[in-house]
2 protein chains.
Amino acid sequence: MSATASSSPKRDHLMATAWRLFYRDGIRAVGIDTILAEAGVAKMTLYNHFASKEELIIAILETRDVEFRESLMAQVNAAGHNPEKRLLAVFDWLENWFATESFKGCVFIRAASEYPEPTHPIHQAAWRHKIAVQAILTDLCAAAGATDPVTLATAFSLLIDGAVIAAHATQTTNPARSARTTAAALLQLAQPSAA
Amino acid sequence: MSATASSSPKRDHLMATAWRLFYRDGIRAVGIDTILAEAGVAKMTLYNHFASKEELIIAILETRDVEFRESLMAQVNAAGHNPEKRLLAVFDWLENWFATESFKGCVFIRAASEYPEPTHPIHQAAWRHKIAVQAILTDLCAAAGATDPVTLATAFSLLIDGAVIAAHATQTTNPARSARTTAAALLQLAQPSAA
DNA sequence: CACAAAATATACAGACCTGTCTATTTTCTT
DNA sequence: AAGAAAATAGACAGGTCTGTATATTTTGTG
């Protein structure tokens, strides 16, 4: 059984448990033994599914990236066909997220913070998520008729990450509305049809 | 000798060494022994100046907060008396910072990421810095004639933190310019005199 | 010089860390 | 039911962590 094998019940359970503890307390702060005790799984089972703690972490980040984007797109699609509404739905999704009881910031920002060296595999896994989200934003900006979708999406990306930081620090959802209001204003400016 | 005593050569040297290693590798990643070996200082000297590693960390964050704001204000003041130029100088300062060879993001964001629990003393020390910077931004926005300085400063704060995250992930200074351009547009919108 | 304060080296405690090894038991498939 | 695959318990290695204790040496000051 390769260490890069995919889905199995035990493997999924380990990842879910580790994810919860990493997100709650920090990655470096949580040891393997803690995860195993919480999951009720033997140590060798973990090391049969993952080559190391680092591979477990990266597998979790990649899974979370997919789930994150699926959740985001679900809310965007629920906003209907109006391109502007779809774009601004990103910030409503943000507000829902911030309102989550267990909200403790963005695991990708936090992982990149804990592993600050840009060449580190964990840092790069976190970075890949940022790029993927940026691509979504660019598509939404283009659909909304922005003259320069990349530039607008970049600005939105800054607002979103800034809002996540602020929401974590203040433990409030307000930054989502601040970001949304600002984003709406920028969208107006970036639409030539609005002139 | 109280553990909260202030400046002494050994104490300063320990803080400078610890700061450099914490910023380079992460707070949890750097042990006391590593700091002591790098600084060439005995362990008891550290524990005579600081009650614990946690107190050392907090002392460093508080010192960095002061230095950070002094550096920022120096560039703002160097921009002269024009309120708009002073406000936008914040983003020039940001670009200079990002261009630093050792740039690895914002230590306050990273400390809050490593100690995600909002009630943790380290998390709160990081948060206090954010509030202090926000106050500076609000003053600058008010001086620039914004109708709602608090709201504009909040938007700027999101852009700044987002830019820091992006600059760390991409290892480029571009996010500073993206943030600056966006900020300039928002400033125009927020000035009634520009209508 | 003499005394006091600061810093030193060194050892130690007790806990935690990741990862490995072995032998046994459970589970699944045929 | 039988054999193969997966998971188990538990010990263990070798290192690291924070913080303490002690005895000695350096440093600065009157």
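We name chains A, B, ... by the order of the sequence lines, and we start the count at 1 in each one. These values consider heavy atoms only, across backbone and side chains, with no hydrogens, waters or symmetry-generated copies.
- Heavy atoms from other residues, nucleotides or ligands lying under 6.0 Å from CZ of A:R20 number more than 12.
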Could you give me the CA-CA distance, side-chain angles and deciding distance for A:L186 and A:L159, then say whether side chain to side chain contact (heavy atoms under 4.5 Å, CB included) is met?
CA-CA 11 Å; A:L186 292 174; A:L159 289 173; 3.9 Å; yes
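- Classified by interplanar angle (parallel below 30°, tilted 30° to 60°, perpendicular above 60°), the ring pair A:W93/A:W97 is tilted.
- Between B:K104 and B:D25 there is no salt bridge, since none of the side-chain N atoms of the basic residue sits less than 4.0 Å from a carboxylate O of the acidic one.
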List the atom pairs, with distances to 0.1 Å, where a side-chain N or O of residues 150-157 of chain A and a protein N or O form a donor-acceptor pair under 3.5 Å, not counting sequence neighbours.
residue: A:T151; atom: OG1; partner: A:D148; partner atom: OD1; Å: 3.3
residue: A:T151; atom: OG1; partner: A:D148; partner atom: OD2; Å: 2.6
residue: A:T154; atom: OG1; partner: A:Q134; partner atom: NE2; Å: 3.2
residue: A:T154; atom: OG1; partner: A:V150; partner atom: O; Å: 2.8
residue: A:S157; atom: OG; partner: A:Q134; partner atom: OE1; Å: 3.3

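- Dashed line: the shortest gap from a side-chain N or O of B:H49 to OP1 or OP2 of C:dA6 is not under 4.0 Å.
- The end-to-end axis angle of the helix from C:dC1-D:dG30 to C:dT30-D:dA1, rounded to 10 degrees and based on five pairs per end, is 20°.
- B:L56 and B:L36 end up in the same hydrophobic cluster when Ile, Leu, Val, Met, Phe, Trp and Tyr side chains are linked at under 4.5 Å.
- Partners of B:R128 by side-chain hydrogen bond (donor to acceptor under 3.5 Å, both in side chains), not counting sequence neighbours, listed by chain and number: B:E62.
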What is the per-nucleotide protein-contact pattern of nucleotides 8-27 of chain D, from the 5' end, where B denotes a base atom under 4.0 Å from a protein heavy atom, S denotes such proximity for sugar-phosphate atoms only, and - denotes neither?
BB-------SBBBBB-----
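- By the side-chain hydrogen bond (donor to acceptor under 3.5 Å, both in side chains) test, A:N77 pairs with A:R86, sequence neighbours left out.
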Protein heavy-atom contacts under 4.0 Å, written 5' to 3' over nucleotides 23-30 of chain C as B (base), S (sugar-phosphate only) or - (none), form the string --------
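- Under the salt bridge (charged side-chain N to carboxylate O under 4.0 Å, His left out) criterion, the residue pairs touching residues 154-170 of chain A are A:K130-A:D161, with sequence neighbours excluded.
- Atoms NE2 (B:H13) and C1' (C:dA7) sit 14 Å apart, rounded to a whole Å.
- The distance between atom CG of A:D25 and atom P of C:dC16, rounded to the nearest whole Å, is 14 Å.
- Shown for residues 15-22 of chain A: no residue has heavy atoms falling under 4.0 angstrom of DNA chain C.
- Residues from residues 114-126 of chain B placing a heavy atom under 4.0 Å of any atom in DNA chain D do not occur.
- A:F22 approaches A:R110 most closely through the heavy-atom pair O-NH2, 3.3 Å.
- With salt bridges taken as basic N to acidic carboxylate O contacts below 4.0 Å, none links B:E95 and B:R180.
- With sequence neighbours left out, the ring-ring contact (aromatic ring centres under 6.0 Å, His included) criterion links B:H168 to A:H123.
- Here A:H13 pairs with nothing under the ring-ring contact (aromatic ring centres under 6.0 Å, His included) rule; sequence neighbours left out.
- In terms of heavy atoms, A:L94 sits closest to A:A163 at CD2-CB, 4.1 Å.
- The nearest whole Å value for the distance from the CD1 atom in A:I35 to the P atom in C:dC16 is 15 Å.
- With sequence neighbours excluded, no residue forms a salt bridge (charged side-chain N to carboxylate O under 4.0 Å, His left out) with B:E84.
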